[in-house]
**Q** 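Below are the structure tokens for one structure; questions will follow.
Numbered from 1 within each chain, the chains take letters A, B, ... in sequence-line order. In this text, all values refer to a predicted model and were calculated from it rather than measured experimentally.
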Protein chains: 2
Amino acid sequence: MDEIFKALASEPRRRILRHLAIEPMTVGEIADNFEMAMPSISRHLSILRAAGVVREQKRGQYVLYMLVADRLTAPLYDFLTDFSEQAREIVETRPRRRGRD
Amino acid sequence: MDEIFKALASEPRRRILRHLAIEPMTVGEIADNFEMAMPSISRHLSILRAAGVVREQKRGQYVLYMLVADRLTAPLYDFLTDFSEQAREIVETRPRRRGRD
DNA sequence: TTCTTATTTAGCTAAATAGCAAAATAATAA
DNA sequence: TTATTATTTTGCTATTTAGCTAAATAAGAA
């Protein structure tokens, strides 16, 4: 949980997530949307990956990154339960966990 | 928005918010729940205040801090709209802004 | 006034973070 | 094989952050 909030405490990383919410992209495609040098993007991606909110898939010489939406939204809704009735409803009616951690 | 995510990227600060979700508390009362020295708590509070998620009220020699729940939840739901249909519903049906910024 | 209590500010150090350019890896192309 | 392209890792510097103690402020009590 702490790792996810740390990951989100960066405008570039939140922006990367918004891009990946549209469709999976390679590192280079992601980087095209930023001024930042590619190694910096790569570093941001590794932080997002460590937090579990994106996952990578080797595609030849490319690396395709894709959002793991649940791993992003679930902890945020969990956090919100202490502050919002609507979040409590969402979390209560949540389908039971499917994937591995 | 960036300020709020930065504010939330700290376990002690999230914990403070959870305490204030129960009831308003003075700095000393908050500090009693932590190992941390009071100046550190005070610093955390000033970061939360700058982000707008808590507000202070002088009560004699005490300073009472209270949560401003909307200022915490609204930006998070806004962020979530790009990743969650449920957040989009919440934001769409949200009553129009009331307070000052 | 002086004393005490509550809180904030200042000044410091250690650790974490973000960015870069250059070097290393990994895969494809020639 | 060598060369090229895509990505990650390394090594660096500058900035930010979190915590501390000590000092400053502010209010209440004596």
**Q** List the residues meeting side chain to side chain contact (heavy atoms under 4.5 Å, CB included) with B/Asp32, not counting sequence neighbours, and say none if there are none.
**A** none

**Q** In the 5'-to-3' direction, what one-character label does each nucleotide of nucleotides 24-29 of chain C receive under the scheme B = base within less than 4.0 Å of a protein heavy atom, S = sugar-phosphate only, - = no such atom?
**A** --SBS-

**Q** To the nearest Å, give me how far apart CD (A/Glu3) and P (C/dA16) are.
**A** 14 Å

**Q** Identify the two heavy atoms, one from A/Leu76 and one from A/Leu72, that lie closest to each other, and give their separation to 0.1 Å.
**A** CG-O, 3.5 Å

**Q** Tell me, please, which residues at least two apart from B/Pro75 pass side chain to side chain contact (heavy atoms under 4.5 Å, CB included).
**A** B/Met1, B/Ile4

**Q** Could you give the start and end, 5' to 3', of the contact zone on DNA chain D for chain A, using atoms under 4.0 Å from its heavy atoms?
**A** D/dT5 to D/dT9

**Q** Using modelled atom types only, decide if a donor and an acceptor are shared between the side chain of B/Thr93 and the backbone of B/Glu89 within a distance under 3.5 Å.
**A** yes

**Q** Bend across the helix from C/dT4-D/dA27 to C/dA30-D/dT1, to 10°, with axes taken over 5 pairs at each end?
**A** 20°

**Q** Take B/Thr73 and A/Phe79 through the test side chain to side chain contact (heavy atoms under 4.5 Å, CB included) and record every step on the way to the result.
**A** CA-CA 10 Å; B/Thr73 60; A/Phe79 171 75; over 6 Å; no

**Q** Could you tell me whether the side chains of A/Gln57 and A/Arg59 share a donor-acceptor contact shorter than 3.5 Å?
**A** yes

**Q** Do A/Ser84 side-chain atoms and A/Leu80 backbone N/O form a donor-acceptor pair below 3.5 Å?
**A** no

**Q** State the OG-CG distance between B/Ser40 and B/Leu45, to the nearest 0.5 angstrom.
**A** 11.0 Å

**Q** Name all residues meeting the side-chain hydrogen bond (donor to acceptor under 3.5 Å, both in side chains) criterion together with B/Arg97; count only those two or more places apart in sequence or in a different chain, and write none if there are none.
**A**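 Partners of B/Arg97 under the side-chain hydrogen bond (donor to acceptor under 3.5 Å, both in side chains) test: none.
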
**Q** Find the distance A/Leu8:CG to C/dT17:C1' and express it as a whole number of Å.
**A**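 Value for this atom pair: 16 Å.
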
**Q** Near DNA chain C, counting only heavy atoms under 4.0 Å, which residues of residues 40-56 of chain A show up?
**A** A/Ser40, A/His44, A/Ile47

**Q** Could you work out, with side chain to side chain contact (heavy atoms under 4.5 Å, CB included) as the rule, every residue matching A/Arg43, not counting sequence neighbours?
**A**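 Listed in chain order: A/Ser46, A/Ile47.
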
**Q** Is any NZ, NE, NH1 or NH2 atom of the basic residue among A/Asp70 and A/Arg94 found under 4.0 Å from an Asp or Glu carboxylate oxygen of the other?
**A**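 Looking at A/Arg94 together with A/Asp70, the answer is no, because their closest N to O distance does not fall below 4.0 Å.
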
**Q** For B/Ala87, does its backbone N or O pair with a side-chain atom of A/Tyr77 as donor and acceptor, under 3.5 Å?
**A**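 It does hold such a pair.
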
**Q** Which of residues 9-37 of chain B have a heavy atom under 4.0 Å from DNA chain C?
**A** B/Thr26, B/Val27, B/Gly28

**Q** Output a table of donor-acceptor pairs, distance under 3.5 Å, between side-chain atoms of residues 61-69 of chain A and any protein atom two or more places apart or on a different chain; print 'none' if there are none.
**A**
unit_1  : atom_1 : unit_2  : atom_2 : d
A/Tyr65 : OH     : A/Arg49 : NH2    : 3.3
A/Tyr65 : OH     : A/Glu56 : OE1    : 3.0

**Q** Under the rule for side chain to side chain contact (heavy atoms under 4.5 Å, CB included), what residues qualify as partners of A/Glu35, not counting sequence neighbours?
**A**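 With sequence neighbours excluded, A/Glu35 shows a side chain to side chain contact (heavy atoms under 4.5 Å, CB included) to no residue whatsoever.
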
**Q** Please output the side-chain donor-acceptor pairs of residues 12-26 of chain B that fall under 3.5 Å, not counting sequence neighbours, one pair per line with the distance.
**A**
unit_1  : atom_1 : unit_2  : atom_2 : d
B/Arg13 : NE     : B/Ala7  : O      : 2.7
B/Arg13 : NH1    : B/His44 : ND1    : 3.0
B/Arg13 : NH2    : B/Lys6  : O      : 3.2
B/Arg14 : NH1    : A/Asp2  : OD1    : 3.4
B/Arg14 : NH1    : B/Leu8  : O      : 2.6
B/Arg14 : NH2    : A/Asp2  : OD1    : 3.0
B/Arg14 : NH2    : B/Glu11 : OE1    : 3.3
B/Arg15 : NH2    : B/Asn33 : O      : 2.5
B/Thr26 : OG1    : B/Glu29 : N      : 3.2

